[in-house]
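In what follows, a structure is listed as structure tokens, so that the remarks can point back to it.
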Amino acid sequence: MKEVSYKKLKGSQNLRQRLLLSTLSSTPILIEDIRADATWPGLLSHEVSFLRLLETVSDDCHLEINETGTKLKYKPGIVMGGRYLEHDCGLSRSIGYFLEPLIVLCLFGKKPLSIKLKGITNDSKDPSVDTFRSTTLPLLKRFGVPSDGLELKIESRGVAPKGGGEVTLSVPIIHNSLKAVTWTDEGMVKRIRGISFSTRVSVQFENTMIHAARGIFNRLLPDVHIFTDHKAGAQAGNSPGYGISLVAETTSGCFISVDTTISYPRGNDDMDIDEKKELMPPGEVGEEIASLLLGEIEQGGVIDSTHQGLLFLLCALCPQDVSKVRVGKLVPYGIQTLRNIKDFLGVNFVIKPEPATGTVMLKCTGSGLTNLSRKLS
């Protein structure tokens, strides 16, 4: 029996991305010192949940976690995909935390994926399921992912702290590899679309948010439509909350998005809702999110700052062909992604700032990753 050689890493940062790249590149990893000095050492509940999700969609992956959770051994298996799968994402991070790595991974699976994910659909930490639907899915199509069988259905919404949301994600497999892109023209904003939602609060909250956001946009652009999605009963999850997701569409087919969610924090007991806290009024939420979107547009680039990591990852997974993209100012998550890509896939990006526009041009030759799982079938 040949001994497995593990790539040694330290710390808890970028754990989800390291596990994703480890799986895609078939590199076993050993991560030590996971929050070793923290009050609550070791893996957090959403990280354990992500590991369980990897086990759900793969075959023959091997996991070892020590008693304190500060050391993790992970040997990736074959990504299987499959239908009618289910996973409970828990309540410490939203479904958005799980969606990005899951969708990239399952493009390289043996069979198309259809999975029901339960938990929090909208929170203020991770991209919401609406942003995923309006912006992340079109981004994948740029790289040659077939639009047939690529969708996210929101069955019910759930906000923190008690969740209760449910979505169904379908991901097709790519039959060989992704397609390299040259994507440097962001174009001009031609329309703004959005969706506001509320759960277990008055439907009036949605109208107030929309009215406030439109008050800013209509001075700049006539084509603004923000839809409402008021959920009631079982579809409204277990906690009160409201939020809005906006996307600016440009003349060159780019989607720039932002979102926000307002809900009560957890009380001292995990199942308590701390209702003593004043929530931001919906009018202010609408104004703030409109300003955030204008800020993202001003930065320039073909995607918004939350999608930088995913964009770089897709470029690195392309065939051995040159991809060239333009983004706004590099954010910490984007920079860390570039390091992880170099570490696992050996792909180096040429980074060239463009002072005139304040944007950054990035170029790389893809790693040539092909869908081997499919060939084994």
Side-chain angles (χ1 to χ4, degrees), residues 16 44-50 52-53 56-57 83-103 106 113-137 150-171 194-203 205-206 209 226-247 257-267 270-275 277 279-280 282 285 289 306:
R16 161 183 80 145
L44 298 174
S45 58
H46 55 268
E47 292 165 342
V48 175
S49 180
F50 182 62
R52 295 284 167 257
L53 180 58
T56 305
V57 297
R83 310 182 78 150
Y84 314 118
L85 302 177
E86 278 194 24
H87 181 72
D88 189 338
C89 298
L91 299 173
S92 68
R93 285 295 278 268
S94 78
I95 291 171
Y97 172 86
F98 300 84
L99 283 173
E100 185 188 296
L102 180 63
I103 198 160
C106 290
L113 172 80
S114 161
I115 187 167
K116 189 177 275 186
L117 299 169
K118 297 175 181 180
I120 293 169
T121 54
N122 302 73
D123 77 351
S124 52
K125 208 183 272 183
D126 300 294
S128 72
V129 289
D130 304 286
T131 295
F132 192 83
R133 210 161 53 166
S134 67
T135 307
T136 314
L137 297 183
L150 180 68
E151 66 169 344
L152 181 77
K153 278 192 191 141
I154 302 168
E155 316 282 358
S156 59
R157 287 193 186 269
V159 298
K162 293 186 185 174
E166 201 170 283
V167 301
T168 304
L169 173 71
S170 307
V171 185
I195 191 157
S196 74
F197 78 91
S198 59
T199 61
R200 308 201 173 277
V201 293
S202 160
V203 70
F205 280 41
E206 290 177 49
M209 284 188 288
I226 304 171
F227 301 93
T228 58
D229 181 28
H230 181 69
K231 295 283 192 222
Q235 286 190 315
N238 307 324
S239 299
Y242 47 94
I244 187 166
S245 161
L246 299 174
V247 55
S257 62
V258 291
D259 64 61
T260 187
T261 300
I262 305 295
S263 64
Y264 289 104
R266 285 187 182 80
D270 259 8
M271 287 332 279
D272 276 357
I273 295 182
D274 183 7
E275 293 203 9
K277 186 175 178 271
L279 295 184
M280 188 193 277
V285 175
I289 196 76
T306 43

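This chain uses plain numbering: 1 for the first residue, then up along the sequence.
Under the rule for a side chain to side chain contact (heavy atoms under 4.5 Å, CB included), the partners of Ser45 that lie at least two apart in sequence or sit in another chain are Ser92. Gln235 meets the side chain to side chain contact (heavy atoms under 4.5 Å, CB included) test with Ser156, Lys231; sequence neighbours excluded. Taking the side-chain hydrogen bond (donor to acceptor under 3.5 Å, both in side chains) definition, one finds that Thr199 meets it with nothing, sequence neighbours left out. With sequence neighbours excluded, the residues forming a side-chain hydrogen bond (donor to acceptor under 3.5 Å, both in side chains) with His230 are Ser198, Glu206, listed by chain and number. For the salt bridge (charged side-chain N to carboxylate O under 4.0 Å, His left out) test, no residue two or more places apart in sequence or in another chain qualifies with Glu100. Contacts of Tyr97 classified as ring pair (Phe, Tyr, Trp, His ring centres under 6.0 Å), with partners at least two apart in sequence or in another chain: His46. By the ring pair (Phe, Tyr, Trp, His ring centres under 6.0 Å) test, Phe205 pairs with Tyr242, sequence neighbours left out. The side-chain hydrogen bond (donor to acceptor under 3.5 Å, both in side chains) test applied to Thr306 returns Asp304, not counting sequence neighbours. Scanning for side-chain hydrogen bond (donor to acceptor under 3.5 Å, both in side chains) contacts around Ser128 gives Thr131, Asp259, with sequence neighbours left out. Applying the salt bridge (charged side-chain N to carboxylate O under 4.0 Å, His left out) test to Glu155 and every residue at least two apart in sequence or in another chain returns nothing. Shown here are the salt bridge (charged side-chain N to carboxylate O under 4.0 Å, His left out) partners of Arg93, two or more places apart in sequence or in another chain: Asp126. Not counting sequence neighbours, Asp88 has no partner by the salt bridge (charged side-chain N to carboxylate O under 4.0 Å, His left out) test.
Rounding to the nearest 0.5 Å places CD of Glu151 at 4.5 Å from NZ of Lys153. Going from atom CG of Leu85 over to atom SG of Cys106 covers 8.5 Å, rounded to the nearest 0.5 Å. Considering CD1 of Ile289 and CG of Leu246, their distance stands at 5.5 Å, rounded to 0.5 Å. Interatomic distance, Ser239 OG to Leu91 CG, rounded to the nearest 0.5 Å: 8.5 Å. One distance of note links OG of Ser170 with CZ of Arg83; it measures 8.5 Å at 0.5 Å rounding. Atom CG in Asp229 sits 7.5 Å away from atom CG in Asp130 (nearest 0.5 Å).
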Does the pair Leu150 and Ile103 meet the rule for a side-chain contact (heavy atoms from CB on, under 4.5 Å), with working shown? CA-CA 9 Å; Leu150 180 68; Ile103 198 160; 3.8 Å; yes

Could you walk me through whether Thr228 and Val203 pass side-chain contact (heavy atoms from CB on, under 4.5 Å), step by step? CA-CA 9 Å; Thr228 58; Val203 70; 5.9 Å; no

Could you please spell out the steps behind the side-chain contact (heavy atoms from CB on, under 4.5 Å) verdict for Ile115 and Leu117? CA-CA 6 Å; Ile115 187 167; Leu117 299 169; 4.1 Å; yes

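Among all heavy-atom pairs drawn from Ser263 and Leu279, the shortest one is O-CD2, 3.6 Å. Nearest heavy-atom pair across Ile120 and Gly163 is CG1-CA, 3.8 Å. In terms of heavy-atom proximity, Ser196 sits nearest to Met209 at CB-CE, 4.1 Å. The nearest pair of heavy atoms linking Thr121 to Glu166 is CG2-N, 4.0 Å. Closest non-hydrogen pair, Pro127 versus Ser94, comes out as O-OG, 4.4 Å. Closest non-hydrogen pair, Thr56 versus His87, comes out as OG1-ND1, 4.4 Å.
Inter-residue side-chain proximity for Val129 and Leu99 is flagged as met; some heavy-atom pair is nearer than 4.5 Å. Residues Ile95 and Asn122 fail the side-chain proximity criterion, which asks for heavy atoms closer than 4.5 Å. For the pair Val159/Ile262, no side-chain contact is recorded, criterion being any heavy-atom separation below 4.5 Å from C-beta on.
Salt bridge Arg16/Glu47: absent, no basic N to carboxylate O contact under 4.0 Å.
Cation-pi geometry between Arg157 and Phe197 is met: under 6.0 angstrom from the ring centre, within 45 degrees of the axis.
Between the Ser124 side chain and the Thr261 main chain, no donor and acceptor come within less than 3.5 Å of each other.
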